Amino acid sequence: MLHLVLSDIHANMDALTAVLEDAARQGEARVLVLGDLVGYGGEPNAVVDLVRSLPDVTAIRGNHDRVACGIGDADNFNMAARTSARITAELLTARNRDYLRGLPAGPLAVSDWLEICHGTPYDEDEYIFDETDALYAIRSASRPLCLFGHTHAPFAIKLAGDDIDYLDVSTGASIPIQDGVRYLANVGSVGQPRDGDPRAAYGILDSEARTLTCYRVAYDVEKAQARIRAAGLPDALARRLGIGR
Ligand code: ZN
């Protein structure tokens with residue numbers, strides 16, 4: 001079975017539709033959404049409606065979802081994030097707000113070998129930035145393969161005994177998932193990449209071939225930027241999409 005791995009869509013409908021079209025070439029997939037469906041982008045309702053309409057989707061919440069639907073505070077948000085949370089909350093329909101409120105917190109076990117989380121397996125809001133964070137997280141995971149988001153940058157390591165290895169997350173590079181080895185991976189952000197590559201990022205996990213592959217796909221960034229401006233969101237949120245930061 002294929003799993004389409006989506007994280008940090010951030011109300012970017014143009015990026016999400018480009019990703020779904022690109023991924024559809026590989027066939028039917030169960031969809032995993034690792035949180036932050038909304039916030040920053042101009043189309044929170046369209047994104048939530050589309051995610052809800054997918055036939056087989058498992059989603060967890062992110063920190064932006066929590067704040068936008070009114071079950072979390074914006075204390076740790078910078079000004080642009082705060083403004084976007086307020087505008088997103090105003091835009092969200094009652095139905096979509098309720099959907100976000102109902103999303104479970106990670107980590108969520110998807111199978112006996114796979115779990116998903118937004119930030120880390122031990123705290124949904126923490127970030128994995130460096131090797132120390134990654135080692136702590138990989139040892140906290142309850143499953144051999146742990147997928148996370150939140151940092152908006154592709155990253156993957158494996159841990160075999162005490163041997164740590166960094167894995168190739170460039171587009172099209174497949175990571176073989178081996179027995180007896182632990183993996184921690186972030187396939188990147190659909191809607192607001194921050195690794196310097198403005199293309200939308202997603203992953204395909206093939207549970208039969210036992211591979212995880214990261215992909216990038218170009219989308220209409222200018223359209224997404226126009227929607228951000230039209231929604232009255234901070235201009236910096238539009239500009240950053242153009243440079244992938
Ligand atoms: Zn995010």
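Hydrogens, waters and symmetry mates play no part in the numbers below; they use all other heavy atoms, side chains included. The structure displayed is predicted, hence computed values, not measured ones. In this chain, numbering begins with 1 at the start of the sequence shown. Each ligand, and each atom within it, is numbered from 1 in the order the structure gives.
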Checking [Y] against [X]: is there a side-chain donor and acceptor pair closer than 3.5 Å?
| X | Y | value |
| --- | --- | --- |
| Gln225 | Arg227 | no |
| His118 | Asn63 | yes |
| Tyr215 | Gln26 | yes |

Which atom of Asp8 approaches the Zn ion (ligand 1) most closely (N/O/S):
OD1

Minimum-distance atom from the Zn ion (ligand 1) among N, O or S atoms of Asp36:
OD2

Taking the inter-plane angle between the rings of Tyr40 and His64 on a 0 to 90° scale, is it parallel (under 30°), tilted (30 to 60°) or perpendicular (over 60°)?
tilted

Take the Zn ion (ligand 1) as the vertex and measure to NE2 of His10 and NE2 of His152; round to 10°.
90°

